[in-house]
Trainee: 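If you scroll down you'll find the structure; I have some questions about it.
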There are 2 protein chains.
Amino acid sequence: MGEKGSLRTTLHRHGLRVTPQRQLVLDAVRELGHATPEQVCRQVRDTAHAVNITTIYRALDVLEEIGLVRHTHLGHGAPTYSADEHEHVHLVCHRCGEIDEVPCDLLDDLAELLRRRRGFELDATHLALSGTCRACRGPEGADHPERAVEETR
Amino acid sequence: MGEKGSLRTTLHRHGLRVTPQRQLVLDAVRELGHATPEQVCRQVRDTAHAVNITTIYRALDVLEEIGLVRHTHLGHGAPTYSADEHEHVHLVCHRCGEIDEVPCDLLDDLAELLRRRRGFELDATHLALSGTCRACRGPEGADHPERAVEETR
DNA sequence: TTACATGCAAAGTCTTTGCATATTG
DNA sequence: CAATATGCAAAGACTTTGCATGTAA
């Protein structure tokens with residue numbers, strides 16, 4: 001059992017235990033694509049009614065430490081967690097809140113630039129880029145304050 | 001009074017009042033370069049002892065609405081505000097927490113790419129890029145867990 | 001049986017809101 | 001005077017901590 005066993009294996013490698021809660025949290029993150037701790041909690045509770053939000057936070061921390069999940073700050077409020085195999089850069093629309101995803105390699109050139117000019121090693125997997133999505137820019141590319149959402153904060 | 005009058009002028013244009021607090025908050029943001037509401041508050045209080053943190057938040061909101069300041073989420077916790085004339089992209093080291101700044105135009109190519117491929121209009125002025133700074137990568141480019149800070153969150 | 005996990009409650013940040021008071025135009 | 005801004009206190013969102021209890025190697 002290769003891929004599927006990676007939670008058990010990885011936890012063991014770190015001297016940590018495999019628990020139903022941790023398994024459920026990982027499953028939830030994988031299913032949801034990207035989700036806040038709150039959202040993960042709701043998903044987990046569909047299966048295990050009694051899991052505490054504290055446990056969700058702790059499980060996410062553990063899973064992040066061992067490299068199975070990762071979080072990104074998409075702007076205001078809670079961060080979103082996603083599975084490590086699910087690499088992408090987030091495009092966050094500060095107009096409507098929509099989140100799009102693009103492959104990390106779009107940033108290769110930028111990463112190279114930063115490395116050379118600043119010695120900075122960009123981590124594209126943690127990234128959120130804010131701006132205005134196609135829908136909000138409108139068909140004519142004009143200003144469309146359709147359902148303005150308060151600025152991303 | 002050209003540049004310097006822009007707070008008064010801009011507030012008026014928006015039907016808002018010029019108050020000492022707003023002036024102080026703007027001054028603080030300009031002096032500090034980039035700062036959290038908390039830091040702005042401390043700075044303001046050097047001059048006006050009694051200003052309430054709530055007022056700082058509200059002043060920052062107003063100043064942002066009228067376009068004189070802008071905020072960025074550098075990772076975990078409080079956002080940082082900076083003056084609009086002070087445009088740059090933040091490079092946040094998730095190792096040591098150091099914040100470097102680079103000109104926005106480094107992102108021109110990426111912006112063009114996103115515009116063409118996704119219809120996404122990147123707002124480079126809001127940006128924080130996370131990664132590892134030169135110092136933390138070490139002279140040899142190796143792993144230097146000198147003063148590891150818990151992951152940017 | 002010992003080390004690690006969980007649940008629960010309480011506390012901690014950071015931020016917003018409601019309302020009375022004060023201030024500006 | 002009338003519209004806004006401020007201060008203060010309370011509440012709200014999100015997260016962490018302490019500690020007793022539970023559970024697996």
Side-chain angles (χ1 to χ4, degrees), chain A residues 7-26 28 34-42 44-45 47-66 69 71-81 97 149-153, chain B residues 7-26 28 34-42 44-45 47-66 69 71-81 97 149-153:
Chain A
L7 173 60
R8 164 159 261 106
T9 313
T10 314
L11 282 170
H12 278 166
R13 224 188 347 261
H14 291 257
L16 299 167
R17 289 182 188 159
V18 184
T19 66
Q21 288 90 335
R22 287 172 177 172
Q23 181 67 62
L24 287 168
V25 167
L26 179 56
H34 46 73
T36 62
E38 201 68 51
Q39 294 170 321
V40 170
C41 190
R42 277 200 290 276
V44 165
R45 281 179 173 164
T47 305
H49 180 59
V51 179
N52 195 280
I53 182 79
T54 300
T55 303
I56 304 291
Y57 278 101
R58 290 196 275 227
L60 287 170
D61 281 353
V62 166
L63 294 174
E64 184 152 40
E65 272 168 34
I66 66 179
V69 309
H71 77 271
T72 312
H73 294 273
L74 263 29
H76 67 301
T80 71
Y81 286 78
V149 132
E150 58 197 280
E151 186 73 1
T152 308
R153 29 184 330 224
Chain B
L7 172 59
R8 163 158 262 107
T9 313
T10 315
L11 281 170
H12 279 163
R13 224 188 348 261
H14 290 256
L16 298 167
R17 289 182 188 162
V18 183
T19 66
Q21 287 89 337
R22 287 172 178 172
Q23 180 66 255
L24 288 169
V25 167
L26 180 56
H34 46 72
T36 63
E38 201 69 50
Q39 294 170 320
V40 170
C41 191
R42 278 200 290 276
V44 165
R45 282 178 173 165
T47 306
H49 179 58
V51 179
N52 195 279
I53 182 80
T54 301
T55 303
I56 304 292
Y57 277 102
R58 290 196 275 228
L60 288 170
D61 281 352
V62 165
L63 294 174
E64 184 153 41
E65 271 168 35
I66 66 179
V69 309
H71 77 271
T72 311
H73 293 273
L74 262 28
H76 68 301
T80 71
Y81 287 78
V149 132
E150 57 197 281
E151 187 73 1
T152 308
R153 22 185 338 223

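Note on naming: letters A, B, ... go to the chains in the order of the sequence lines (proteins, then strands), and numbering restarts at 1 for each one.
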Trainee: Any chance you could measure Asn52(B), atom CG, to Arg58(B), atom CZ, to the nearest 0.5 Å?
Mentor: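 Nearest 0.5 Å value for the CG-CZ distance: 8.0 Å.
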Trainee: Rounded to whole Å, how long is the line connecting atom NE2 of His73(B) with atom P of dC14(C)?
Mentor: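 Rounded to whole Å, this separation is 14 Å.
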Trainee: How many Å lie between NE2 on His14(B) and P on dT4(D), as a whole number?
Mentor: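 Rounded to the whole Å, the gap is 15 Å.
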Trainee: Let's test your reading of the model: under 3.5 Å, does the base of dA25(D) pair with the side chain of Arg17(A) as donor and acceptor?
Mentor: no
Trainee: So which heavy atom on Ala59(B) is nearest to which on Arg22(B), and how close?
Mentor: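 In terms of heavy atoms, the two residues are closest at CB-CG, 4.2 Å.
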Trainee: Working to the nearest 0.5 angstrom, can you tell me the gap between Asp61(B) CG and Tyr81(B) OH?
Mentor: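 Interatomic distance, Asp61(B) CG to Tyr81(B) OH, rounded to 0.5 Å: 5.5 Å.
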Trainee: Whole angstrom is fine here: how far is it from CD in Gln23(B) over to P in dA5(D)?
Mentor: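 It is 15 Å, rounded to the nearest whole Å.
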Trainee: Could I get the full list of side-chain hydrogen bond (donor to acceptor under 3.5 Å, both in side chains) partners for Gln21(B), not counting sequence neighbours?
Mentor: none
Trainee: May I have the distance from Asp61(A) (atom CG) to dT16(D) (atom C1'), rounded to whole angstrom?
Mentor: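 These atoms are roughly 9 Å apart.
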Trainee: To 10°, what angle do the rotation axes through the five end pairs on each side of the helix from dT1(C)-dA25(D) to dG25(C)-dC1(D) form?
Mentor: 30°
Trainee: Is Ile53(B) touching bases, backbone alone, or none of the nucleic acid, heavy atoms closer than 4.0 Å?
Mentor: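 Counting heavy atoms under 4.0 Å across all strands, no contact is made by Ile53(B).
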Trainee: Give the rounded distance in Å between these two atoms: NE2 of His49(A) and C1' of dG7(C).
Mentor: 13 Å
Trainee: Could you walk me through whether Leu60(A) and His71(A) pass the side chain to side chain contact (heavy atoms under 4.5 Å, CB included) check?
Mentor: CA-CA 9 Å; Leu60(A) 287 170; His71(A) 77 271; over 6 Å; no
Trainee: In whole angstroms, how far is the C1' atom of dA5(D) from the CG atom of Leu11(B)?
Mentor: 12 Å
Trainee: For His73(B) and Leu74(A), run side chain to side chain contact (heavy atoms under 4.5 Å, CB included): C-alpha distance rounded to whole Å, both residues' side-chain angles, the deciding distance at 0.1 Å, then the answer.
Mentor: CA-CA 9 Å; His73(B) 293 273; Leu74(A) 263 29; over 6 Å; no
Trainee: Could you state the CZ-C1' distance from Arg13(B) to dG25(C), rounded to the nearest angstrom?
Mentor: 18 Å
Trainee: Kindly say if Tyr57(A) contacts the phosphate of dT16(D), meaning a side-chain N or O under 4.0 Å from OP1 or OP2.
Mentor: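 No, Tyr57(A) has no side-chain N/O under 4.0 Å of OP1/OP2 on dT16(D).
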Trainee: When every nucleotide of nucleotides 6-12 of chain D is labelled 5' to 3' by its protein contacts under 4.0 Å (heavy atoms), B for base, S for sugar-phosphate only, - for none, what sequence of letters results?
Mentor: BBBB---
Trainee: Without decimals, in angstroms, what is the distance between Leu60(A) CG and dT16(D) C1'?
Mentor: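 Taking CG of Leu60(A) and C1' of dT16(D), I get 14 Å after rounding.
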Trainee: Rounded to the nearest 0.5 Å, what separation is found between the CZ atom of Arg42(B) and the CD1 atom of Ile53(B)?
Mentor: 9.0 Å
Trainee: Check step by step if side chain to side chain contact (heavy atoms under 4.5 Å, CB included) holds for Val25(B) and Thr55(B).
Mentor: CA-CA 9 Å; Val25(B) 167; Thr55(B) 303; over 6 Å; no
Trainee: Please round to the nearest 0.5 Å and tell me the distance separating atom CG of Leu63(B) and atom CG of Leu7(B).
Mentor: 6.5 Å
